[in-house]
Amino acid sequence: MLILSHSTIHRLYDQGLEAVVRLVTRLEDQIEDLHAQLTRNPQPAIASLSKELAKTKRTLARRSLELLAQQQLNHQLLRRLRELEHMVERGAAPVVRDSHNSSLPPSSDPPRKKVPRTRSLRQKSGRKVGGQPGRRGVTLRQVARPDRLITHSPETCPGCGAALRFMGRK
């Protein structure tokens, strides 16, 4: 079987008319051979086409389900859009914007009107703040001989920017 790419066809074209004629003749011969094979024994072609048809049916069924899901979502979104449009038409109370729920500065808040603060939804547990009785605390203690010692020192003076040289640094 001959596979032709664009570059192969261009190369043959550059070789001249004779090369193109030879290619067309070879393709015609291959078509005749395939036609003869198909008329002698059509079963392999039928089996291959049957498999391809089954695969196409599965793909079509999957795509149909996806389309149905998209249509349902579209219907839900349209219904929600209509609800919101009706709310706007009826003049639903606009959200009062102030410095607490927008980027407006506090000076733009309405005068003498305190905005109610949001309260936490957590319930009090009745326990005291901090570690509870019976809890074993864990504290990192200093040791006489540490595993490793890391010295952090500036390379330049933060004030004037002059290089600082310390003992042990090269």
Check this for me: [X], atom [atom1], are more than 12 non-hydrogen atoms of other residues, nucleotides or ligands nearer than 6.0 Å?
X	atom1	result
E66	CD	yes
R135	CZ	no
I150	CD1	yes

Suppose we screen for salt bridge (charged side-chain N to carboxylate O under 4.0 Å, His left out). Which residues come up paired with E18, at least two apart in sequence or across chains? none
Strictly by salt bridge (Lys or Arg N to Asp or Glu O under 4.0 Å), give each pair with a member in residues 68-83 just once, sequence neighbours left out. R80-E83
Between CG of L78 and CD of Q76, what distance do you get to the nearest 0.5 Å? 10.5 Å
To the nearest 0.5 Å, what is the distance between CG (L81) and CG (N74)? 10.5 Å
With respect to V24, which candidate in E28, R22, R26 satisfies the side-chain contact (heavy atoms from CB on, under 4.5 Å) definition? E28
Using side-chain heavy atoms (C-beta onward) and a distance below 4.5 Å, is [X] in contact with [Y]?
X	Y	value
E85	V88	no
R97	N101	yes
H86	E89	yes

Yes or no on side-chain contact (heavy atoms from CB on, under 4.5 Å) for Q72 and H75, after CA distance, side-chain angles and deciding distance? CA-CA 5 Å; Q72 289 172 345; H75 179 71; 5.6 Å; no
Through direct or indirect side-chain contacts below 4.5 angstrom among Ile, Leu, Val, Met, Phe, Trp and Tyr, which residues connect to [X]?
X	value
L77	L73
V21	L17
L53	none

If two hydrophobic side chains count as joined below 4.5 Å and joins carry through other members, does L23 share a cluster with V20? no
Whether the side chain of [X] engages the backbone of [Y] through a donor-acceptor N/O pair (distance < 3.5 Å, no angle test) should be reported.
X	Y	value
E155	S153	no
S108	L104	no
S48	P44	no
D109	S99	yes
T39	A36	yes

What one should report as the nearest heavy-atom pair of A19 and Q15 is CB-OE1, 3.5 Å
Those residues that, when tested against S5, pass side chain to side chain donor-acceptor pair (under 3.5 Å) (two or more places apart): S7, T8
